[in-house]
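Being a predicted model, the structure only gives us computed values, none of them experimental. In each ligand, atom 1 is the first atom listed, and ligand 1 is the first ligand listed.
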Amino acid sequence: MVMTELELLVDFHREGERQGPGSSKDTLRALDLLKLPKDKNLAVADIGCGTGAQTLCLAENLEAHLWAIDLFPEFLEELEKRADAQGLGEKIKVQQASMDQLPLNPASLDLIWSEGAVYLMGFREGIQYWKKYLKPGGLLALSEITWTTAERPAEIENHWQSAYSQIATAAEKIKVLEDCGFSPQGFFLLGEESWEKNYYQASEARFAAFLAKHQQLPAAQQLIENEREEIRLYRKYKDYFSYGFYLAKMEPEKNRG
Ligand code: SAH
């Protein structure tokens with residue numbers, strides 16, 4: 001069977017513990033900033049959950065029912081396996097859906113979580129669309145690529161402007177949250193370990209096996225080239241960008257607009 005580029009991408013990433021930078025430490029730090037009630041059974045959606053590293057962490061640490069939502073069934077199958085292996089299957093319901101067509105009821109969620117995925121809709125568009133699924137006063141936890149300095153070298157500026165033009169500083173991202181009717185509850189930047197150990201080094205460790213599995217396939221070689229280039233840019237320019245974790249609470253009555 002000839003695999004498409006997208007199928008190859010899913011095939012490469014399904015074996016990863018994560019599909020983007022992050023760590024349980026970051027997830028727990030974000031949870032802590034939200035000061036969620038411990039005694040209430042919360043309704044939570046994890047959007048763009050991938051194979052669910054953060055979903056499992058949330059399930060372990062929250063009294064909650066979690067909807068784990070992703071476009072790719074391969075990731076969700078993996079998530080279900082991992083959840084069952086950890087005895088967390090009861091708390092998590094996977095839903096294959098696109099993040100811009102959520103199969104959920106409006107005003108039904110206490111918390112929307114999304115690590116490294118809202119960029120696929122655009123930070124502003126994602127927040128605007130997702131907020132109608134939150135109960136009044138509901139909470140939002142998003143990680144998103146963020147400039148960490150006011151200026152940066154042209155090579156990295158140009159790379160990100162063409163890859164994702166909504167990349168911006170934390171102040172600009174928080175302004176978007178405020179424009180959308182949210183009040184900021186906390187912010188922090190992911191450290192280097194969350195990029196290197198959990199994501200890039202874990203990816204690099206799979207390159208050889210992936211290339212061997214898809215021998216001769218130019219698209220597979222190209223995929224690995226792209227991964228290598230992304231990693232090179234991160235290592236060269238990590239002083240200028242990271243993921244920011246944004247915690248916010250919907251102001252009352254703002255979920256209708
Ligand atoms: N939250 C995970 C995965 C982040 S990568 C982590 O941090 O490890 C982004 C995820 O968004 C991938 O799992 C990808 O399959 C998913 N995705 C891509 N397009 C999507 C869409 N339109 N709707 C829902 N999920 C999507």
Review point. Based purely on interatomic distance, does A117 place a nitrogen or oxygen under 3.5 Å from a nitrogen or oxygen of ligand 1?
Key: no

Check your understanding: Looking at E229 and R232, does any basic side-chain N land under 4.0 Å from a carboxylate oxygen?
Key -> yes

Exercise for review: Looking only at distances, please establish whether an N/O atom of ligand 1 is found under 3.5 Å from an N/O atom of L71.
Suggested key: yes

Check your understanding: How about F245 and W113: are their ring centres within less than 6.0 Å of each other?
Key -> yes

Check your understanding: Does E115, backbone or side chain, put an N or O under 3.5 Å from an N or O of ligand 1?
Key -> yes

Check your understanding: Got an N/O contact under 3.5 Å between D70 and ligand 1?
Key -> yes

Check your understanding: In terms of side-chain heavy atoms, does E230 have a donor or acceptor partner in Y200 at a distance below 3.5 Å?
Key -> yes

**Study point:** Backbone of L102 reached by a side-chain donor or acceptor of Y129 within 3.5 Å
**Key:** yes

Exercise for review: Run the contact test for C49 against ligand 1 with a 4.0 Å cut-off on heavy atoms, strictly below, and give the result.
Suggested key: yes

Check your understanding: Can you tell me if E227 and H13 form a side-chain donor-acceptor pair at under 3.5 Å?
Key -> yes

Practice item. Among residues two or more places apart or on two chains, list those pairs meeting ring pair (Phe, Tyr, Trp, His ring centres under 6.0 Å) that have a residue in residues 37-60. Key: none

**Study point:** Proximal ligand 1 atoms for R18, defined as those under 4.0 Å from one of its heavy atoms
**Key:** 8 (O)

Point to revise | Distance-only N or O hit between ligand 1 and M99, under 3.5 Å | key: yes

Check your understanding: Any heavy atom of S143 sitting closer than 4.0 Å to ligand 1?
Key -> no

